[in-house]
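Comments concern the structure below.
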Amino acid sequence: MRAMRLERIAPIRPGADPLRTADVPPPEAGPGQVRLRVLTCGVCHTELDEIEGRTPPEALPRIPGHQVVGRIDQVGAGADGSWMDRRVGVGWIYSACGQCDFCRRGLENLCADFVATGRDVDGGYAEWMVAPAAFVAPVPDVLPDDLAAPLLCAGAIGFRSLALTGLADGESLGLTGFGASGHLVLRMSRVRYPRSRVFVFARSEAERALAMDLGAAWAGDTAEPAPEPLRAIIDTTPVWTPVVRALDQLAPGGRLVINAIRKEDVDKRVLLDLDYPRQLWLEKSLRSVANVTRDDIRGCLDLAAAHGIRPEVTTLPLEQANQALHDVKRGGGRGARVLVVGG
């Protein structure tokens with residue numbers, strides 16, 4: 001089968017492609033697993049973190065990709081045979097133990113045995129992949145393959161981030177960064193909190209224009225002050241400066257939710273200049289988002305299907321996965337990149 005594989009950890013730079021084209025045997029579904037003929041796979045910033053070593057695979061080579069839409073073409077022993085030919089999605093959560101205190105409390109995203117798709121096991125930058133049957137999610141018929149893919153991570157992690165803000169309808173929400181996840185959070189917030197105004201901070205003029213097109217009340221540069229103090233802010237950027245600046249924008253008692261698996265070190269010195277009385281006092285709080293649960297993925301898909309929430313996407317063939325990664329690294333585009341694999 002065709003696959004794009006990561007063979008070594010290295011910075012992503014112009015002119016240097018991080019993935020290699022490979023021809024490898026297709027996997028076989030083991031006990032409790034299903035095999036997917038991959039249709040599309042979204043490209044996520046977390047893949048940059050894997051490739052550049054901030055959250056690297058434990059073993060190489062590895063096939064990345066954790067926003068996978070595919071059709072089941074093989075069912076392993078013990079899995080439900082009625083799922084054959086069903087269209088399903090696989091997100092960042094490949095599996096969890098199901099037995100620990102976190103799993104029993106519905107917090108499988110915090111499980112010590114959490115397995116990440118495309119990092120700990122091979123993912124969807126290939127024509128086939130396998131996954132535990134219990135961890136795949138049915139994709140609603142109204143969602144096309146390319147538009148469903150970003151919902152499996154960018155959408156699901158945004159779905160979880162929105163819940164963690166503790167926002168009430170009518171309270172103001174800020175978004176720092178406006179890529180694949182941010183633009184979906186804006187759309188979801190307009191459904192869940194129709195009276196809330198959304199304020200977007202983004203460096204790119206194209207991203208700010210997209211935010212206004214999607215109904216933001218205001219869009220400005222990361223360094224610009226918002227027109228009013230904000231009750232909650234979700235940060236989706238890969239660096240620290242927007243986090244520090246977002247604290248200036250919070251109202252007393254406000255919450256900043258950081259939606260990033262890792263932060264790059266390029267600007268971490270800004271943390272030394274954090275002004276506690278001005279930026280963190282008055283009961284402001286910070287909360288991080290760790291992974292997603294199966295309920296986050298299914299909840300996001302259901303919300304999108306029911307309310308016509310669709311991501312902005314640019315599609316590329318599987319063989320152009322390196323180009324897609326360079327696009328994500330450069331930033332500034334509209335929405336998400338999605339690889340078209342089969343169909």
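Keep in mind that what you see is a predicted model, and the values were worked out from it rather than measured. Count residues from 1 along the sequence.
Under the 4.5 Å side-chain criterion, counting only non-hydrogen atoms from C-beta, Val328 is not in contact with Glu47. Counting only heavy atoms from C-beta outward, the side chains of Val43 and Leu325 approach each other to under 4.5 Å. Side-chain contact between Val90 and Leu152: absent, with no pair of heavy atoms (C-beta onward) separated by less than 4.5 Å. Annotation: side chain of Arg87 is in contact with side chain of Val69 (closest heavy-atom distance under 4.5 Å). Under the 4.5 Å side-chain criterion, counting only non-hydrogen atoms from C-beta, Thr176 is not in contact with Leu256. Leu110 has its side chain out of reach of Arg105: every pair of non-hydrogen atoms, C-beta onward, lies at least 4.5 Å apart. Between Tyr125 and Leu19, some side-chain heavy-atom pair lies under the 4.5 Å cut-off. Put simply, the side chain of Ile72 does not reach to within 4.5 Å of the side chain of Arg35, judged on heavy atoms.
In this structure a side-chain-to-backbone donor-acceptor pair under 3.5 Å is present from Asp267 to Thr241. Looking at Asp113, its side chain never comes within 3.5 Å of a backbone N or O of Ala96 through a donor-acceptor pair.
Remark: Asp141 CG is loosely packed, at most 12 non-hydrogen atoms of other residues, nucleotides or ligands lying under 6.0 Å away. More than 12 heavy atoms of other residues, nucleotides or ligands lie within 6.0 Å of CZ in Arg71, so this atom counts as buried by the packing criterion. Surrounding CD of Gln323 are more than 12 heavy atoms belonging to other residues, nucleotides or ligands, all under 6.0 Å away. The neighbour count for Arg278 CZ, taken as heavy atoms of other residues, nucleotides or ligands under 6.0 Å away, is above 12. Arg190 CZ: 12 or fewer foreign heavy atoms inside a 6.0 Å radius.
Here the rule is side chain to side chain contact (heavy atoms under 4.5 Å, CB included) with Arg5, and of Asp122, Val24, Thr21 only Val24 fits it.
Taking hydrophobic clusters as Ile, Leu, Val, Met, Phe, Trp and Tyr residues chained together by side-chain heavy-atom distances below 4.5 Å, Val257 shares a cluster with Leu186. Tyr276 is connected to Val270 through a chain of hydrophobic side-chain contacts under 4.5 Å among Ile, Leu, Val, Met, Phe, Trp and Tyr, so both are in one cluster. Follow the hydrophobic side-chain contacts under 4.5 Å out from Ile309 and you reach Val200 in the same cluster.
A distance of 6.0 Å or more separates the ring centres of Trp92 and Phe135.
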Take Asp80 and Arg86, measure what salt bridge (Lys or Arg N to Asp or Glu O under 4.0 Å) needs, and give me the verdict at the end. CA-CA 11 Å; Asp80 187 349; Arg86 185 175 297 189; over 6 Å; no
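In this structure, a donor-acceptor pair under 3.5 Å is present between the side chains of Thr237 and Asp235. Side-chain atoms of Asp296 and Thr293 include a donor-acceptor pair closer than 3.5 Å.
Salt-bridge formation is not detected for the pair Glu50/Arg62: no Lys NZ or Arg NE/NH1/NH2 atom is positioned less than 4.0 Å from an Asp or Glu carboxylate oxygen. Asp327 and Arg337 are joined by a salt bridge, as a carboxylate oxygen and a charged side-chain nitrogen come within less than 4.0 angstrom of each other.
Between Ala226 and Phe201 the shortest heavy-atom distance is CB-CZ, 3.7 Å. Annotation for Ala324 and Leu339: closest pair CB-CD2, 4.1 Å, computed over non-hydrogen atoms.
Here the NE2 atom belonging to His45 is positioned 5.0 Å from the CD atom belonging to Glu264, to the nearest 0.5 angstrom.
In this structure, Arg192 satisfies the cation-pi test against Phe159, with its NZ or CZ atom closer than 6.0 Å to the six-membered ring centre and inside 45 degrees of the ring normal.
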